[in-house]
Amino acid sequence: MQTIMLKAKLHMARVTHAVLDYEGSCAIDGELLDLAGIRENEQIQIYNVEGGQRFTTYAIRAEEGSRIISVNGAAAHLASEKDRVIICSYANYSEAELEDHQPALIYLKEGNVISHTSNAIPVQLA
């Protein structure tokens with residue numbers, strides 16, 4: 001049996017570009033892709049913190065160190081420059097893999113600079 005689990009998250013990324021006249025996808029700084037373990041052409045979910053839009057696209061590599069987060073194609077209608085977004089990828093895991101599974105959580109601050117990383121989401125307190 002396989003279970004779909006969170007694989008990676010780029011938390012509070014800032015959209016740097018929204019390019020309507022592009023084939024589609026989301027260009028992400030190559031360093032951030034590598035750190036999160038997100039592969040080129042991998043399906044991603046984007047959650048727009050500003051407007052609440054949630055949409056699916058795929059990741060493409062932007063120049064390493066550029067701090068680019070570019071929402072392209074039709075998705076550019078769902079995110080604007082300067083919007084904060086959460087970018088997630090999910091994967092199927094077997095029961096055996098779940099015992100050791102830890103997602104790659106990358107927390108970003110202004111300028112899409114890495115604040116810190118983690119492998120566990122903090123427990124929500126009452």
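Just so you know, these numbers use all the heavy atoms, side chains as well, and skip hydrogens, waters and symmetry mates.
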Show which side-chain atoms of residues 52-63 pair as donor or acceptor with protein atoms under 3.5 Å away, not counting sequence neighbours.
unit_1 : atom_1 : unit_2 : atom_2 : d
Thr56  : OG1    : Gln45  : OE1    : 3.1
Thr56  : OG1    : Gln45  : NE2    : 2.9
Thr57  : OG1    : Ser25  : N      : 3.3
Arg61  : NH1    : Gly30  : O      : 3.3
Arg61  : NH1    : Glu64  : OE2    : 2.6
Arg61  : NH2    : Asp34  : OD1    : 2.6

> Taking a hydrophobic cluster as the set of Ile, Leu, Val, Met, Phe, Trp and Tyr residues connected by side-chain heavy atoms closer than 4.5 Å, whether directly or through intermediates, do Tyr90 and Val85 fall within one such cluster?
Replying inline: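 No, separate clusters.
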> Does one hydrophobic cluster hold both Ile4 and Leu105, with members joined at side-chain heavy-atom distances below 4.5 Å?
Replying inline: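 Result: yes, single cluster for both.
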> For Leu98, which fellow cluster members are found when Ile, Leu, Val, Met, Phe, Trp and Tyr are connected by side-chain heavy-atom distances below 4.5 angstrom, either directly or through intermediates?
Replying inline: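 Its cluster partners, ordered by chain and number, are Met5, Tyr93.
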Going from [atom1] on [X] to [atom2] on [Y], what distance comes out if it is rounded to the nearest 0.5 angstrom?
| X | Y | atom1 | atom2 | result |
| --- | --- | --- | --- | --- |
| Lys82 | Glu110 | NZ | CD | 10.0 Å |
| Gln102 | Ile121 | CD | CD1 | 12.0 Å |
| Ile87 | Ile44 | CD1 | CD1 | 5.5 Å |
| Leu33 | Ile28 | CG | CD1 | 5.0 Å |
| Ile69 | Cys26 | CD1 | SG | 5.5 Å |
| Ser94 | Gln2 | OG | CD | 6.0 Å |

>> Run the side chain to side chain contact (heavy atoms under 4.5 Å, CB included) test on Ile106 and Ile114 for me, step by step, so that the C-alpha distance in whole Å, both residues' side-chain angles and the decisive distance to 0.1 Å come before the verdict.
In response: CA-CA 7 Å; Ile106 314 303; Ile114 298 164; 4.1 Å; yes
Taking all non-hydrogen atoms of both residues, which atom of [X] and which atom of [Y] are closest, and how far apart?
| X | Y | answer |
| --- | --- | --- |
| Ala8 | Ala36 | CB-O, 3.2 Å |
| Asn112 | Leu32 | O-CD1, 4.3 Å |
| Lys9 | Cys88 | CG-SG, 3.9 Å |
| Met12 | Ile86 | N-CG1, 4.1 Å |

>> Would the distance check show the side chain of His101 and the main-chain N or O of Leu6 forming a donor-acceptor pair, the cut-off being under 3.5 Å?
In response: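 Side chain of His101 to backbone of Leu6, a donor-acceptor pair under 3.5 Å: yes, one is there.
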> According to the ring-ring contact (aromatic ring centres under 6.0 Å, His included) rule, which pairs have a member within residues 102-126, sequence neighbours left out?
Replying inline: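 Qualifying pairs: His11-Tyr107, Tyr107-His116.
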>> Considering only residues two or more places apart or on different chains, which pairs with a residue in residues 12-38 satisfy ring-ring contact (aromatic ring centres under 6.0 Å, His included)?
In response: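 For residues 12-38, and leaving out neighbouring residues, there are no ring-ring contact (aromatic ring centres under 6.0 Å, His included) pairs at all.
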>> Restricting to side chain to side chain donor-acceptor pair (under 3.5 Å), what partner residues turn up for Ser70, sequence neighbours left out?
In response: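 For Ser70, the residues satisfying side chain to side chain donor-acceptor pair (under 3.5 Å) (neighbours in sequence not counted) are Asn72.
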>> I'd like to know if Glu31 pairs up with Arg67 as an ion pair, taking the criterion as any Lys NZ or Arg NE/NH1/NH2 lying under 4.0 Å from an Asp or Glu carboxylate oxygen.
In response: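 Yes, charged N to carboxylate O under 4.0 Å.
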>> Check this for me: does any side-chain nitrogen of one of Glu81 and Arg14 sit under 4.0 Å from a carboxylate oxygen of the other?
In response: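 No, Glu81 and Arg14 are not salt-bridged.
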> Tell me, do Pro103 and Lys7 make a side-chain contact under 4.5 Å, heavy atoms counted?
Replying inline: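 A side-chain contact is absent here, since even the closest heavy-atom pair is not under 4.5 Å.
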> Does Asn119 CG have over 12 foreign heavy atoms under 6.0 Å away?
Replying inline: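 Above 12, so yes.
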>> Can you list everything that forms a ring-ring contact (aromatic ring centres under 6.0 Å, His included) with Tyr47? Sequence neighbours excluded, please.
In response: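 Applying ring-ring contact (aromatic ring centres under 6.0 Å, His included) to Tyr47 gives none.
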> With Asn48, which of Asp83, Leu78, Val71 fulfils side chain to side chain contact (heavy atoms under 4.5 Å, CB included)?
Replying inline: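 Among the candidates, only Asp83 passes.
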